[in-house]
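Notes follow the structure.
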Protein chains: 2
Amino acid sequence: MESPVPHEPPIYRRIADRLRQAILAGEFRDGDRLPGENALMSEYGIARATARQALAVLINEGVAVPRRGSGVYVRQFRPIRRHGSRRLSREQWGTGRAIWDSDTTGRPYSVDDLTITREAAAGEAARVLDCDEVWVRRRRYSVDGRPVQLAASHFPADLVTGSPITAQDTGPGGVYARLRDLGHAPVHFTEEVRARMPTPEESAKLGLPAGTPVIEVCRSAFAGGGAAVELNKMIMDAASYVLQYDFDA
Amino acid sequence: MESPVPHEPPIYRRIADRLRQAILAGEFRDGDRLPGENALMSEYGIARATARQALAVLINEGVAVPRRGSGVYVRQFRPIRRHGSRRLSREQWGTGRAIWDSDTTGRPYSVDDLTITREAAAGEAARVLDCDEVWVRRRRYSVDGRPVQLAASHFPADLVTGSPITAQDTGPGGVYARLRDLGHAPVHFTEEVRARMPTPEESAKLGLPAGTPVIEVCRSAFAGGGAAVELNKMIMDAASYVLQYDFDA
DNA sequence: CAGTGGTCTAGACCACAGC
DNA sequence: CTGTGGTCTAGACCACTGA
């Protein structure tokens, strides 16, 4: 049975709702400081823990971000637009800086922590690439000095050992151009997109505040014969990305 | 009191980490009950609020879900695979039950709360559809009895007024087949994908536990002349979906 | 019914930011 | 230095679940 009277939400929720409303109404803008714990305590006559609870709601929603010793602030967004299909067209392979360029459209970016290792294939990589040994290129991308994406590209060891794909610099056009040189040019791609809360490790590597989900994109690249030649697992700060896919009926 | 070493994580975080590790290690499986507040209090000799804080970490990560009066449980996932491009191919329009079928692949689904309204176009809809008045079809989809998606399709009023698109039942093949009948068959689609934490309203309508992001898909459909004929805004429970996009190089 | 999580109070000490 | 958020304690009453 439904209760005929919808009972009132708890105080902390009403406060959070009111603050959220004020943010949406533009009373607080991106980066503005919100009323802090002390302000809420005196304004509403509540205990400290209750004020914290109200702010925690907004923080866990990703609407606000706390800064220690300073205050709680309205969160700012400036998403990167990432084109799913256009960016992987063959024409792109010839350009100097590989695929990543077509994402940021002029904004400065950088690559951190590039590591290249040979590993035993595990789980999804073993299944999709259908092999036992893989080369893995892991790296982190930053835009405007902020880390936004972790990526791990897996290649069948049989295919790429000895090629520039296992070197720091893959040369003009990136790994897809090199796969083409090896006679395994990708002709088809599949991307699987999920969203979830980050693991603590991802959260640390991307410097994510609480309340920020990650978008997980798992891309498989297939050569002409239908064999998978790359599996790229990407973890993106959801607040920094808009994924765009174009296709025809 | 012990004096903690400066750079050691706080107790609640260590407890959360340990529980998360136990879950990943398989000591707790999907749906299993985790140690509750009282258990953690006595096991670690901590106050109630601290035990709650530890559990809150897992809950906000979407790893665990609290059940009032019962306990805290390991969260279960059963994602639906949604095909981005294949599902919108022309062949699908002829089938009886519109596009939704190609998602669930056999699992029972239902549509709730279908409302059809004529409204003044606002924001994104006005811009993309380039019109002042729109018809909006809002509905909620459920799979296995659980709501998983909210959708709001916007159509230019000039185009669809008087057509079955403004009726409860759009007939075989759904709205895209009707747009074709009207001479505005969609030939191109763009989908924008974002992820974020839900608003309280979305959270309520989808029955989301804390720590569950939503995936926001905004699809524009374009007719032959390049004019947008539909803008469909979808909000999906991120724990229930995997989006798949296929495309060629 | 006893046990659970949900809310709330009134304190405390700490690390850190910014003046 | 003061004010901020971060952590923690020791209580309390409530609504709900499940035996």
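What you are looking at is a predicted structure, and each value in this text was computed from that prediction instead of being measured. Residue numbering restarts at 1 for every chain, and letters A, B, ... go by the order of the sequence lines.
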Salt bridge present between B:E119 and B:R138 (N-O < 4.0 angstrom): yes

Separation of atom CD1 in B:I46 from atom P in C:dA12, rounded to whole Å: 22 Å

Axial cation check for B:Y73 ring with B:R67, 6.0 Å and 45° limits: yes

Test item: side-chain donor near acceptor, B:T199 and B:E201, under 3.5 Å: no

Residues in contact with DNA chain C, drawn from residues 60-74 of chain A - heavy-atom cutoff 4.0 Å: A:R68, A:G69

Rounded distance (Å) that lies between atom C1' of D:dT7 and atom CZ of B:R14: 12 Å

Length of the CD-C1' vector between A:Q53 and D:dT7, whole Å: 15 Å

N-O pairing of A:D237 and A:R146 below 4.0 Å: yes

Rounded distance (Å) that lies between atom C1' of C:dG11 and atom CD of A:E37: 15 Å

Any B:R52 side-chain N or O less than 4.0 Å from OP1/OP2 of C:dG6: yes

Distance-only donor-acceptor test, A:R48 side-chain atoms vs D:dT7 base atoms, 3.5 Å: yes

From OG (A:S220) to NE2 (A:H154), nearest 0.5 Å: 11.0 Å

Sugar-phosphate, base or nothing in reach of A:R33, heavy atoms under 4.0 Å: sugar-phosphate

Between C:dT7 (P) and A:I15 (CD1): distance, integer Å: 13 Å

Any B:T50 side-chain nitrogen or oxygen under 4.0 Å from OP1 or OP2 of D:dT7: no

B:Y245 and A:E192 side chains, donor-acceptor separation under 3.5 Å: no

Under-4.0 Å side-chain N/O to phosphate OP1/OP2 contact, B:Y12 with D:dC8: no

Sugar-phosphate only, base, or nothing, as touched by B:L55 at under 4.0 Å among non-hydrogen atoms: nothing

Between C:dG6 (C1') and A:I11 (CD1): distance, integer Å: 13 Å

Residue-phosphate contact under 4.0 Å: B:N38 side-chain N/O, C:dG3 OP1/OP2: no

Rounded interatomic separation in angstrom, taking CG from A:L40 and C1' from D:dT4: 13 Å

Validation row: A:M234, A:E216 side chains within 4.5 angstrom (heavy atoms): no

